[in-house]
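A note on names: the letters A, B, ... follow the listed sequences, proteins ahead of strands, and every chain is numbered from 1. Here the structure is a predicted model, which is why all the values come from computation and not from measurement.
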Amino acid sequence: MKLTFPHMGNVSILIEDLFGRLEIEYITPPKTSLRTVRLGVRYAPELACYPLKVTLGNFIEGFESGADAGIMVGGVGPCRFGYYAETQRRILNQIGYKVPMFILEPPLAHPLKFYRTFKKVAPKKTLRDLYRTIKVSWKKARYIEMIEKQVLQNRCYEKVKGSTTKARKKAINLLESAFLEKEIENAYQEATEIISSVPKEEFDAPKIGIVGEFFDLLEPFVNFDCEETLGNMGFYVEKSVYLTDWLSPGGKNLIAGHSADEVARAAKPYLSHFVGGDGRPTIGHTILYAKHNFDGVIQLMPFTCMPELIAKSILPKISKDLDIPILTLVFDEQTGKAGIQTRLEAFADLVTARRKKGFKPRREIIDWLDNKDQDLVEV
Amino acid sequence: MRIGLPRGLLYYKYHPYWETFLTEIGFEVVVSPPTTRKLLKEGLIHAESEICLPVKVFYGHVASLMEKVDAVFIPRMVSVEGKAYTCPKFLGLPDMIKAAFPNIRIFSPTINAKKGFKGYYRQLLLFARQFEASAFKAFSAIMAAEKNQKQYMAQLYKGIIPVKNNKIPSNGNPNIDSVKVGIAGHAYNIFDDYLSVGLIKKLTDRGASVVTPENVPQKTWNKYSSKLPKHLFWTYEKELIGASLYWIEERLIDGLIYVMSFACGPDSIVQYILEDEARKYNMPIMPLILDEHAGEAGIVTRVEAFLDMLRKKVYA
Ligand code: SF4
Ligand code: SF4
């Protein structure tokens, strides 16, 4: 049995590493491309959200390349994502791929189901093996994401256009091929070195925070690599979503810098309840970026994404209250690179002009926020 | 104190409950008028342009109450049964409204049945107690509300369809021999005459008899929706798909109209699941997607064509 799985940024590196260690046979689908999107769009429900379509395309391409089973994460709501796997299973069945789909339900919500799925795909391994393996793969995944973060923070300072992107490739490859724990540690040291030794020109770069929906933030094909575009325009970039942060939201030293609790607390004055997906983190991180004196925030979201629409309904108020420019970019199969580019440029002009006018973050706003731990809505 | 109830979204499901509860604890309840063109326009000004139609209209209803009341009642309906959520939009609704209308007071108890008594009755009791209702008064307000809601639902289960924006019940089955159409859609879409462009009346005027998910008791829809290999985690979609599968499997209808709002998250998935499940029964399903541009004429043509097709099939 050869398993295939959908792409999402660097996730394939993590899965390949994990499956390799657990001796699970797999086939990585071709990188997400226009063809992937076209396939997904052809067979998915027309009004489904974009990530469902793209990942459906990945599955089809994975089966075309010879895989005979699929694996996908499930969920318990409240957002559509929890039902992706089941919907995709039905669609794939309907169009003729009558192959097993393993749906990994969250282990805590469905311990038995999780165990059964695990036993089916890796019959020779025990839970203990799984635990040990995850520990190592986890380390690798975290280091890769830490490199990604470093790249975002450094790109705007590079002397030679494109040198950071080149260095990134080298650094990630290095980490990807490391196997033993020790090797991973060493590779990471070397990788950070590679990124930080890119020749730089110091200047006071304006800062942009990127918030929004998980898949759109992690998959550069879908967001037209707008992080890189922003870096090339001379912006210092941070983003709020990292895979490993998402998998362990309570952990210390999160890559995006704040634990889920802190983010929820920050969001509270404007959105006091979780709304599924990344709705509340989008609000929380926007407020935190404002507090950290960022010059602007960009929200990325798939068309009709529910949690992000809830956030988007509230962001104008935040933008006004905290005096921070916010841009929302919406992605689906009809989005074109040119349109995104134009909007990013316009936003960049706005942010730069605001800076030239000598904008200073207003202390009183931040104090007001800090003292405002009460809901706006009366309970 | 005057409290406003926007006539939109879950009002269409729980209005007997909410009205009774609020009146009993001593509020003067003001319900916004039925949806009109003007009201929708007002909603479009304040709401996010991509969001689903019923939420846009809800903004309009809130705006229309602004001058008339001291506060607006928008409970945060997280979950109404332990196993499932409502729609994510209901989880964020009070905050969305607050961001658009900062000057309105919003009363928003959080109802979360996943937390059992604590998340449900206790929230209502606490809410009532804030307004100086005695514990006894609060308790009896809840009892009265439950009673009225039950009576209302009992009527629905008898097959009565709430038309005229939910107020005057009428019988949805004027003609026993006619084609039977199931309308799978949210109460706030299909019972809002303006949003659904009078769909129910259009069908009954043309001699069809109509059933809606509201006419199907919870026990029944639960049974049928539980047959899905992966259970849905949205209560109102469970109701919708459970009722539809009940009609389809028991051959109670000749055709199904699936009414959904453009940009509706849950329905974009559930529509497909239903079609997939209904495939083997060969049931004609017509999707009807509502948005602010829906034209009267277009819908009439489609409804008539659908009914003609059903008649041919039934009487062939
Ligand atoms: S978060 Fe958005 S994109 Fe993801 S499943 Fe939910 S609605 Fe779809
Ligand atoms: S269920 Fe659909 S129509 Fe209803 S509020 Fe949610 S997204 Fe909108």
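For the atom pair B/Ile269 CD1 and A/Arg80 CZ, the distance stands at 6.0 Å (nearest 0.5 Å). Atom CD1 of B/Ile273 and atom CZ of A/Arg90 lie 4.5 Å apart (nearest 0.5 Å).
When heavy atoms are compared at a cutoff of 4.5 Å, B/Ala100 does not approach chain A at all. Interface remark: A/Arg280 contributes no atoms to any contact with chain B (heavy atom separation under 4.5 Å). When heavy atoms are compared at a cutoff of 4.5 Å, B/Tyr59 approaches chain A solely by way of its side chain, counted from C-beta outward. For B/Ile289, the part lying under 4.5 angstrom from a heavy atom of chain A is the side chain only. Looking at B/Val78, only its side chain comes within 4.5 Å of chain A, counting heavy atoms on both sides.
By a heavy-atom distance cut of under 4.5 Å, B/Glu48, B/Glu50, B/Ile51 are the residues of residues 44-58 of chain B near chain A, going up by number. Residues of residues 43-52 of chain A having a heavy atom under 4.5 Å from any heavy atom of chain B, listed by number: A/Pro45, A/Leu47, A/Ala48, A/Leu52.
Qualifying ring-ring contact (aromatic ring centres under 6.0 Å, His included) partners for B/Tyr120, counting only residues two or more places apart in sequence or in other chains: none. A/Arg42 pairs by the salt bridge (charged side-chain N to carboxylate O under 4.0 Å, His left out) definition with nothing, not counting sequence neighbours.
Environment of NZ in B/Lys227: crowded, with over 12 heavy atoms of neighbouring residues, nucleotides or ligands closer than 6.0 Å. Within 6.0 Å of the NZ atom in B/Lys114, the count of heavy atoms belonging to other residues, nucleotides or ligands exceeds 12. Counting non-hydrogen atoms of other residues, nucleotides and ligands closer than 6.0 Å to NZ of B/Lys41 gives a total of 12 or fewer.
Between chain A and the residues B/Met96, B/Lys230, B/Lys89, the most heavy-atom pairs under 4.5 angstrom are made by B/Lys230. If you tally non-hydrogen atom pairs under 4.5 Å between each of B/Leu91, B/Leu126, B/Ile97 and chain A, the highest count goes to B/Leu91. Chain B forms the most heavy-atom pairs under 4.5 Å with one residue out of A/Val330, A/Ile314, A/Thr304, and that residue is A/Ile314. Comparing A/Ala311, A/Pro316, A/Gly82, A/Ala85 by how many heavy-atom pairs each has under 4.5 Å with chain B, the most go to A/Gly82. Chain A forms more heavy-atom pairs under 4.5 Å with one residue of B/Pro266, B/Pro75, B/Ser79 than with any other, namely B/Pro266. Among B/Gly92, B/Gly265, B/Ala71, B/Ala263, the residue with the largest count of heavy-atom pairs under 4.5 Å with chain A is B/Gly265.
Side-chain contact between B/Arg279 and A/Gln94: present, with at least one pair of heavy atoms (C-beta onward) separated by less than 4.5 Å.
Here the closest non-hydrogen pair linking A/Lys317 and B/Ala99 is CD-O, 3.4 Å. The nearest pair of heavy atoms linking B/Pro88 to A/Pro78 is CG-O, 3.4 Å. Smallest separation of non-hydrogen atoms from A/Met306 and B/Cys87: SD-SG, 4.1 Å.
The aromatic rings of A/Phe274 and B/Tyr85 sit perpendicular, their planes meeting at an angle over 60°, well past the 30° parallel limit. Using bins of under 30°, 30° to 60° and over 60° for the plane-to-plane angle, the ring pair A/Tyr83/B/Phe233 lands in the perpendicular bin.
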